[in-house]
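Got a structure here, written out as structure tokens. Questions coming.
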Amino acid sequence: MMEGLEVVVVGAGIGGLGSALALARSGHRVTIIERDDTPMPADIEGAFEWDRRGAPQVRHPHVFLGLARTILRDRFPDVLAALGAIGVEPTPMRSNRGFELDEATLAVIAADDDLRMLPCRRTTFEWLMRRVVLDEPSVSFLVGRGVAGVEVGPGPGGGPVVTGIRLDDDAVLQADLVVATTGRRGDVPAWLAAHGIQVPETASEAGVVYFSRFYRSSRDEQFGFRGGFGAGLIAGVIGADAGTYSITAVVDRSDKELRAHLSDSDRFDATMRLLPELADVAEVDGVPIHPVHYMTGLINRTRSFTTADGEPRLTGLIAVGDAHTCTNPAYGRGQSLALRQATYVADAVAAHDNLLDAARDYEARSSATVEPWYHFSVLTDSMRSAAASDGASTRGAGLDFGALFGGGAVDPELVRMLLRVLNLLELPQTLIAKLPELTATAATQPRAARASVPRIKRPSRDELLAAIA
């Protein structure tokens with residue numbers, strides 16, 4: 001077990017804050033380098049307006065899945081308690097229109113304590129985590145400074161070892177370990193390529209663009225999580241903190257007509273009202289907080305910090321979150337996976353007496369439980385793209401979950417398994433192995449059960465494009 005390391009964490013997003021918290025509480029001294037030099041907001045509403053130029057996606061919706069909540073419960077209970085103190089309470093899955101669950105299934109889900117998501121804005125979560133980290137005596141912040149690269153020297157066995165970072169003014173900060181949490185746009189491989197260290201990466205474009213808008217309701221509503229579908233788009237409502245909620249629409253990147261339509265805030269609102277699964281939300285007197293935001297350039301990507309035989313290409317640097325593996329953000333997995341890797345860093349360092357073995361351990365854990373989500377995202381994107389090119393509905397991308405859950409004929413434990421996969425509590429291989437059974441179950445439901453599934457009339461493409469405020 002290594003003790004008292006000098007650690008530099010690059011990036012003060014959720015992955016960086018989680019890494020700093022886990023390492024500091026394991027007895028290490030941590031310096032967080034954050035390029036954005038903006039004052040710490042006084043409250044959660046100030047946090048929503050936080051000028052985080054290095055993380056332009058913070059005011060898009062984020063989903064804190066069951067995995068994120070269990071990590072807080074088991075590793076950072078004070079963070080979970082602080083969220084509870086501002087009204088962010090773990091929320092179980094409930095029935096929604098188009099996603100009907102019978103009482104027996106709801107009881108099985110409620111009995112699984114892991115199946116609780118956190119209805120929270122990304123800015124609220126990050127602001128609160130930073131407050132907690134700021135109170136850690138062995139963590140310090142260096143803000144308003146960018147990282148230009150890393151310092152590399154020979155390791156004990158002759159391999160390269162990162163010995164520190166070089167700031168954008170050429171000042172050098174020495175470190176025993178550098179944790180890179182630079183996000184999807186950070187170019188960690190370029191830092192290493194400057195020293196002749198190649199980090200191969202595999203990437204796949206997601207093929208979609210998403211649009212989102214936050215609203216505030218004066219009613220005491222619990223919006224939970226639900227999806228809606230229309231001709232050419234998938235939409236979702238995500239409940240958040242302080243009476244806020246978001247609506248997100250995902251469309252094919254090549255659909256310029258629908259993209260132009262949804263980029264107008266009034267047309268966006270009018271279009272969402274046409275989706276029957278979102279009808280109850282549309283009836284709520286939600287007041288928009290900001291215009292529609294959109295995000296492009298979405299990719300799935302994983303980087304190989306080890307050779308084919310699992311040997312680290314270097315020591316002294318570990319990448320966390322999107323700097324290591326990123327998935328299509330429309331699936332909402334990024335924050336949960338970043339927190340998982342943040343705990344993996346601390347656990348790997350605690351389990352070994354040298355950084356080489358710690359790197360082997362960390363990469364093995366990431367390969368087993370993080371990288372599969374990259375492959376699953378690529379698979380899901382390809383299924384969606386194939387369905388769209390055939391002119392079929394994008395709903396379920398080959399599996400009609402509404403038909404599966406309607407009518408009460410499905411095994412509640414099967415539903416629980418599916419929800420555990422969607423909450424990253426089980427690996428996607430679990431779902432892939434069950435797909436034949438799920439499809440057969442949906443196809444062989446008794447006629448009476450299938451007839452009881454509500455037939456929802458969804459709008460046509462012409463109706464979507466005709467929507468105006």
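All residue numbers in this chain count up from 1 along the given sequence.
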Atom CZ of Arg131: over 12 foreign heavy atoms under 6.0 Å: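 No, the 6.0 Å shell around CZ holds no more than 12 heavy atoms from other groups.
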
Is the Phe211-Phe268 ring centre distance short of 6.0 angstrom?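 Here the rings of Phe268 and Phe211 have centres that are no less than 6.0 Å from each other.
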
Report yes if some heavy atom in the side chain of Arg340 is under 4.5 Å from a heavy atom in the side chain of Leu67; otherwise report no.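 With C-beta onward as the side chain, the pair touches.
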
Quick one: do Asp135 and Arg130 make a salt bridge, cutoff under 4.0 Å?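 Looking at Asp135 and Arg130, the cut-off is not met.
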
Please check if any side-chain donor atom of Arg333 sits under 3.5 Å from a side-chain acceptor atom of Ser377, or the reverse.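 Yes, a side-chain donor-acceptor pair sits under 3.5 Å.
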
Do Leu142 and Arg145 have side chains that approach each other closer than 4.5 Å (heavy atoms only, starting at C-beta)?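 Yes, side chains in contact.
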
The test is side chain to side chain donor-acceptor pair (under 3.5 Å); show your working for His261 and Thr271 and say whether it passes. CA-CA 9 Å; His261 178 74; Thr271 303; 2.8 Å; yes

N/O donor-acceptor pair under 3.5 Å between Arg75 side chain and Leu339 backbone: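 Answer holds: no.
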
Yes or no on side chain to side chain donor-acceptor pair (under 3.5 Å) for Tyr215 and Asp269, after CA distance, side-chain angles and deciding distance? CA-CA 11 Å; Tyr215 306 80; Asp269 288 349; 2.4 Å; yes

Contacts of type side-chain hydrogen bond (donor to acceptor under 3.5 Å, both in side chains), residue Glu6, not counting sequence neighbours: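 Arg29.
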
Is the backbone N or O of Leu419 less than 3.5 Å from a side-chain atom of Asn423, with the two atoms forming a donor-acceptor pair by type?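 Indeed, once roles are kept as given, a pair shorter than 3.5 Å links the two residues.
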
Please report the C-alpha distance between Leu418 and Thr430 in whole Å, then the side-chain angles of each, then the deciding distance to 0.1 Å, and finally whether the side-chain contact (heavy atoms from CB on, under 4.5 Å) criterion is met. CA-CA 8 Å; Leu418 173 61; Thr430 306; over 6 Å; no

Can you list every pair that meets salt bridge (charged side-chain N to carboxylate O under 4.0 Å, His left out) and has a residue in residues 190-210, with sequence neighbours left out?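 Listed once each, the pairs are Glu201-Arg303, Glu205-Arg253.
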
Going by distance alone, is a donor N or O of one side chain under 3.5 Å from an acceptor N or O of the other, for Ser204 and Tyr374?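 No, Tyr374 and Ser204 have no side-chain donor paired with an acceptor closer than 3.5 Å.
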
Do Val152 and Val150 come within less than 4.5 Å of each other through their side chains, counting heavy atoms only?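 A side-chain contact under 4.5 Å exists here.
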
Taking Asp114 first and then Arg73, would you say they form a salt bridge - that is, a charged N and a carboxylate O separated by under 4.0 Å?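 Answer for the salt bridge query: yes.
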
Are any side-chain N or O atoms of Trp127 and backbone N or O atoms of Pro41, one a donor and one an acceptor, separated by less than 3.5 Å?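 A pair under 3.5 Å: yes.
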
Do side-chain atoms of Arg25 reach the backbone of Ala20 as a donor and acceptor pair under 3.5 angstrom?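 Absent.
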
Spell out, as yes or no, whether a donor-acceptor pair under 3.5 Å connects the side chain of His28 to the backbone of Leu5.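 Indeed, once roles are kept as given, a pair shorter than 3.5 Å links the two residues.
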
Test Ile234 against Thr248 for side-chain contact (heavy atoms from CB on, under 4.5 Å), laying out the working first. CA-CA 8 Å; Ile234 302 172; Thr248 299; over 6 Å; no

Tell me if the aromatic rings of Tyr294 and His60 count as close, with their centers under 6.0 Å from one another.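 No.
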
Salt bridge or not for Asp322 and Arg185, using N-O below 4.0 Å?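 Salt bridge between Asp322 and Arg185, a charged N being under 4.0 Å from a carboxylate O: no.
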
On a heavy-atom basis, which atom in Val250 and which in Ala330 lie closest, and how many Å separate them?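 Shortest heavy-atom separation between Val250 and Ala330 comes out as CG2-CB, 4.0 Å.
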
From CA spacing to verdict: side chain to side chain donor-acceptor pair (under 3.5 Å), Ser366, Gln341: CA-CA 7 Å; Ser366 295; Gln341 288 188 300; 3.0 Å; yes

Counting C-beta onward and ignoring hydrogens, is there a side-chain heavy-atom pair between Gln429 and Pro372 closer than 4.5 Å?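 Yes - at least one pair of side-chain heavy atoms lies under 4.5 Å apart.
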
What heavy-atom pair brings Glu45 and Arg216 nearest, and what distance separates the two atoms?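 For Glu45 versus Arg216, the nearest heavy atoms are OE1-NH2, 2.7 Å.
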
Does one side chain, of Thr38 or Asp36, offer a donor that lies under 3.5 Å from an acceptor on the other?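 Their side chains do not contain a donor-acceptor pair, so the 3.5 Å distance test is not met.
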
Between Tyr210 and Asn328, is there a side-chain donor-acceptor contact under 3.5 Å, judged purely by atom types and distance?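 On atom types as modelled, these side chains do not qualify, holding no pair under 3.5 Å.
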
Could you walk me through whether Tyr245 and Phe214 satisfy the ring pair (Phe, Tyr, Trp, His ring centres under 6.0 Å) test, starting with their C-alpha distance in whole Å, then the side-chain angles of each, then the deciding distance to 0.1 Å, before giving a yes or no? CA-CA 6 Å; Tyr245 63 95; Phe214 266 93; 8.5 Å; no

Side-chain (Glu34) to main-chain (Ala12) donor-acceptor, under 3.5 angstrom: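 Such a contact is found between Glu34 side chain and Ala12 backbone.
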
Consider side-chain contact (heavy atoms from CB on, under 4.5 Å). Of Leu17, Leu83, Ile44, which one does Leu128 pass it with?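 So, applying the side-chain contact (heavy atoms from CB on, under 4.5 Å) to Leu128 and each of Leu17, Leu83, Ile44, only Leu83 qualifies.
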
Could you walk me through whether Leu115 and Arg420 pass the side-chain contact (heavy atoms from CB on, under 4.5 Å) test, one step at a time? CA-CA 7 Å; Leu115 286 175; Arg420 286 186 64 85; 4.0 Å; yes

With a 4.5 Å cut-off on side-chain heavy atoms, are Leu173 and Thr31 touching?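 Side chain of Thr31 against side chain of Leu173, heavy atoms only: contact under 4.5 Å found.
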
Selection residues 232-247 - residue pairs positive for salt bridge (charged side-chain N to carboxylate O under 4.0 Å, His left out), sequence neighbours left out: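 Found Arg121-Asp241.
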
Minimum heavy-atom distance Pro428-Val421, with the two atoms named: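 Closest approach of Pro428 to Val421: CA-CG1, 4.1 Å.
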
With no hydrogens and no angle check, just 3.5 Å: does a side-chain donor-acceptor pair link Thr302 and Thr325?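 Result is yes, a qualifying pair exists.
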
Only one of Glu311, Arg313, Glu363, Arg360 forms a side-chain contact (heavy atoms from CB on, under 4.5 Å) with Thr306, so which one is it?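 So, applying the side-chain contact (heavy atoms from CB on, under 4.5 Å) to Thr306 and each of Glu311, Arg313, Glu363, Arg360, only Glu363 qualifies.
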
Under the salt bridge (charged side-chain N to carboxylate O under 4.0 Å, His left out) rule, what pairs show up with a residue in residues 373-383, not counting sequence neighbours?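 Sorted result for residues 373-383: empty, none.
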
Using the six-membered ring wherever Trp is involved, compare the ring planes of Trp373 and Phe376 and label them parallel, tilted or perpendicular (cut-offs 30° and 60°).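 Trp373 and Phe376: perpendicular rings.
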
Is Arg384 paired with Asp252 through a side-chain N to carboxylate O contact shorter than 4.0 Å?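 A salt bridge is present here (some side-chain N lies under 4.0 Å from a carboxylate O).
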
Measure across Leu355 and Asp176 and return the closest heavy-atom pair with its distance rounded to 0.1 Å.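 Shortest heavy-atom contact: CD1-O, 3.1 Å.
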
Val7 vs Val179 side-chain heavy atoms within contact, under 4.5 Å: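 Sidechains of Val179 and Val7: in contact.
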
Hey, are the side chains of Val172 and Leu167 touching, using non-hydrogen atoms and a 4.5 Å cut-off?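 Contact flag for Val172/Leu167 side chains = no.
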
Measure the shortest side-chain to side-chain distance between Leu118 and Thr91 over non-hydrogen atoms and say whether it is less than 4.5 angstrom.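 Not touching, per the 4.5 Å side-chain cut-off.
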
Pairs involving residues 9-22, ordered by first then second residue, that meet salt bridge (charged side-chain N to carboxylate O under 4.0 Å, His left out) (sequence neighbours left out):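 Of all non-adjacent pairs touching residues 9-22, none passes salt bridge (charged side-chain N to carboxylate O under 4.0 Å, His left out).
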
What's the shortest heavy-atom distance between Val30 and Ala24, and which atoms?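 Closest heavy-atom pair between Val30 and Ala24: CG2-N, 4.0 Å.
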
Mutual orientation of the aromatic rings belonging to Phe305 and His324 [parallel < 30°, tilted 30-60°, perpendicular > 60°]: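 Ring orientation of Phe305 relative to His324: parallel.
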
Can you list everything that forms a salt bridge (charged side-chain N to carboxylate O under 4.0 Å, His left out) with Glu89? Sequence neighbours excluded, please.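 By the salt bridge (charged side-chain N to carboxylate O under 4.0 Å, His left out) rule, Glu89 matches no residue at all.
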
Chi angles and distances behind the side-chain contact (heavy atoms from CB on, under 4.5 Å) call for Thr124, Ile86: CA-CA 10 Å; Thr124 298; Ile86 59 173; 3.6 Å; yes

Within the side chain of Thr181, is there an N or O that forms a donor-acceptor pair under 3.5 Å with the backbone of Gly11?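 Between the backbone of Gly11 and the side chain of Thr181 there is a qualifying donor-acceptor contact (under 3.5 Å).
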
